[in-house]
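Take a look at the structure below.
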There are 2 protein chains.
Amino acid sequence: MNKTAMKCRPLRADAVRNREKILAAAATVFARRGLDATLDEVALEAGVGVGTVYRRFPDKDTLIGALFENAVDEIATLALSAYEAENSWDGLVWFLEEALQRQCANRGLRDIVVGTPYARERMESVKCRIAPAIALLIERAQRDGYLRGDVVGADFAVLEMMISSLSCMTDKVSPDLWRRYLTIVLDGLVVKRDKPTVLAQDLDESMADETLRMKTQHFLRVP
Amino acid sequence: MNKTAMKCRPLRADAVRNREKILAAAATVFARRGLDATLDEVALEAGVGVGTVYRRFPDKDTLIGALFENAVDEIATLALSAYEAENSWDGLVWFLEEALQRQCANRGLRDIVVGTPYARERMESVKCRIAPAIALLIERAQRDGYLRGDVVGADFAVLEMMISSLSCMTDKVSPDLWRRYLTIVLDGLVVKRDKPTVLAQDLDESMADETLRMKTQHFLRVP
DNA sequence: GACAAGTGGAGTTACCTTCTCCGTTTATCC
DNA sequence: GGATAAACGGAGAAGGTAACTCCACTTGTC
């Protein structure tokens with residue numbers, strides 16, 4: 001009697017296309033400008049009217065939810081994957097780098113993780129899943145003698161916020177600058193070291209002394 | 001003929017009192033809430049009407065200027081004083097701690113240093129004075145073998161922004177938490193060390209493991 | 001006690017964001 | 001190819017915030 005189309009007929013073909021355009025545009029706009037971005041901006045980017053956006057997604061919150069459901073989960077998963085690494089320090093570094101990379105490249109994601117108005121409860125559940133995973137990473141790295149003994153799980157969350165909010169200030173000018181300060185922080189966390197701290201994507205060239213001097217000074221507009 | 005009262009007669013006594021009240025209130029309000037605070041809030045704190053605030057200071061910008069002229073200079077001066085320290089590393093640490101303490105305790109000052117809308121040009125001149133002073137500090141600390149060789153002046157400005165923006169997130173819950181992350185950063189910057197990095201005001205007790213765990217977790221609202 | 005100086009705070013202006021409404025366009029089905 | 005309901009666009013309503021003004025009233029001063 002009732003097919004799978006319980007809720008009346010399916011979307012018209014053009015409506016489906018527009019829905020995709022809206023999601024893609026929203027991803028772009030929120031990544032670039034954070035959750036403050038207007039749905040008018042999303043509509044513009046998508047090349048549709050605001051009305052169309054609001055017909056597909058009843059409000060801004062729903063759209064944000066649809067977009068970031070996965071991205072946030074993904075970060076929680078990273079912490080678990082990091083535990084697979086043979087070397088516990090490498091696992092920790094890898095986790096921080098991966099998590100930060102996502103947050104620094106996506107201001108909307110950062111807003112959620114840091115807890116801007118729109119987010120809050122959205123993070124609660126993730127925190128609960130992520131916290132134990134990080135605790136494991138820390139415990140192992142401390143047992144292996146890599147990580148300072150006085151570090152606790154919440155420190156990592158704080159350090160992540162710290163670096164991603166830094167990146168918010170610098171990313172217009174130099175989107176990779178945060179990596180430099182992550183290495184400095186890591187050097188402050190490590191006890192013994194087999195080899196110097198090097199990020200997977202540490203671009204020796206672009207992080208070279210002279211380039212950095214230019215980038216940072218450009219950022220600060222120091223003459 | 002014309003006395004010193006070139007610009008007509010002096011302020012009435014009650015007006016002078018109110019001017020002082022306004023300045024004091026503005027200092028309190030901007031320190032607590034940053035430069036976003038309304039002049040209505042300032043008026044409320046001062047116990048006067050908004051109209052009174054606007055008669056004394058033609059616009060918000062002028063009031064901010066009157067308040068922060070000195071505070072910003074002071075930070076520039078700190079860098080010079082730090083050069084007086086016998087030990088070059090201690091000088092650097094002292095400078096960072098003092099500068100950050102001011103920024104973290106005063107959100108308005110931070111807004112100016114970090115470059116929120118209202119500030120911008122206000123900082124330009126200070127940067128020019130502060131940059132050479134920091135360069136001297138760095139050069140000496142590197143010559144003495146304390147400071148990593150790849151660090152440049154702008155790094156300090158970036159690290160300062162990084163930590164003070166962290167403190168913006170945490171200061172409601174735990175106004176001293178930033179100190180912990182400053183020590184971590186310092187440990188990431190140091191090469192050799194005569195003694196462990198300890199801040200002048202490092203409160204052993206309040207920064208103890210258990211207290212930190214509570215503070216940080218409370219900040220993050222992790223169950 | 002006259003009166004300019006000073007005051008308070010409701011109100012004006014300007015702007016911004018979220019979301020709605022409706023006249024017009026377009027896909028779909030016969 | 002024409003009828004029809006779905007979808008569209010975007011002006012603008014609704015609701016908010018912040019900077020600043022204006023004027024009837026109060027107060028210090030000479």
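Letters A, B, ... are given to chains in the order of the sequence lines, protein chains preceding strands, and every chain is numbered from 1.
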Checklist entry - When rounded to the nearest 0.5 angstrom, what is the spacing between CD1 in B:Ile130 and CD1 in B:Ile134? => result 5.0 Å
Checklist outcome for this item: Rounded to whole Å, the CD-C1' distance (B:Glu41 to C:dG9) equals 16 Å
Checklist outcome for this item: Exactly one of B:Arg32, B:Arg33, B:Lys21 clears salt bridge (charged side-chain N to carboxylate O under 4.0 Å, His left out) with B:Glu45, and that residue is B:Arg32
Checklist entry - Between B:Leu63 (CG) and D:dA19 (C1'), how many Å, whole number? => result 13 Å
Item to check | Nucleotide D:dC8, atom P - distance to CG of A:Leu11 in whole Å | outcome: 9 Å
Next on the checklist: Expressed as a whole number of angstroms, how long is the span from B:Lys60:NZ to D:dA19:P?
Outcome noted: 4 Å
Item to check | 4.5 Å side-chain heavy-atom contact, A:Asp155 and A:Val152 | outcome: yes
Checklist entry - Between D:dA18 atom C1' and B:Asp59 atom CG, what is the distance in whole Å? => result 13 Å
Detail all sub-3.5 Å separations between protein N/O atoms and N/O atoms belonging to nucleotides 11-14 of chain D.
none

Item to check | Rounded distance (Å) that lies between atom P of C:dT20 and atom CG of A:Leu39 | outcome: 11 Å
Checklist outcome for this item: Whole-Å distance, A:Ile22 CD1 to D:dG9 C1', equals 12 Å
Checklist entry - Is there a residue in residues 13-21 of chain A whose heavy atoms reach under 4.0 Å of DNA chain C, and which residues are they? => result A:Ala13, A:Asp14
Checklist entry - Can you tell me how far CZ of A:Arg102 sits from OG of A:Ser164, rounded to the nearest 0.5 angstrom? => result 14.0 Å
Next on the checklist: Rounded at 0.5 Å granularity, tell me how far CZ in A:Arg180 sits from CG in A:Asp176.
Outcome noted: 13.0 Å
Mind listing the N/O atom pairs, protein and nucleotides 23-26 of chain D, below 3.5 Å?
none

Item to check | Distance, nearest 0.5 Å, that separates OG1 of A:Thr183 from CD of A:Glu97 | outcome: 10.0 Å
Item to check | D:dA7 phosphate, OP1 or OP2, under 4.0 Å from A:Thr52 side-chain N/O | outcome: no
Checklist entry - If you round to the nearest 0.5 Å, how far is CZ of A:Arg110 from CD of A:Glu160? => result 11.5 Å
Checklist entry - Hey, which of these two, B:Val48 or A:Tyr54, hits DNA chain C nearer its 5' end, going by closest nucleotide? => result B:Val48
Checklist entry - Can you tell me if B:Ser174 uses its side chain to pair, donor with acceptor, with the backbone of B:Thr170 under 3.5 Å? => result no
Item to check | Matching residue for B:Phe30 among B:Asp111, B:Asp36, B:Ile112, B:Leu35 - test: side-chain contact (heavy atoms from CB on, under 4.5 Å) | outcome: B:Leu35
Checklist entry - Can you check side-chain contact (heavy atoms from CB on, under 4.5 Å) on A:Ile64 and A:Phe57, steps first, answer last? => result CA-CA 9 Å; A:Ile64 290 173; A:Phe57 302 92; over 6 Å; no
Checklist entry - Taking CG from B:Leu35 and C1' from D:dA19, how many angstroms apart are they, rounded to a whole number? => result 15 Å
Checklist entry - Out of B:Val42, B:Leu39, B:Val53, which one pairs with B:Lys60 under the side-chain contact (heavy atoms from CB on, under 4.5 Å) rule? => result B:Leu39
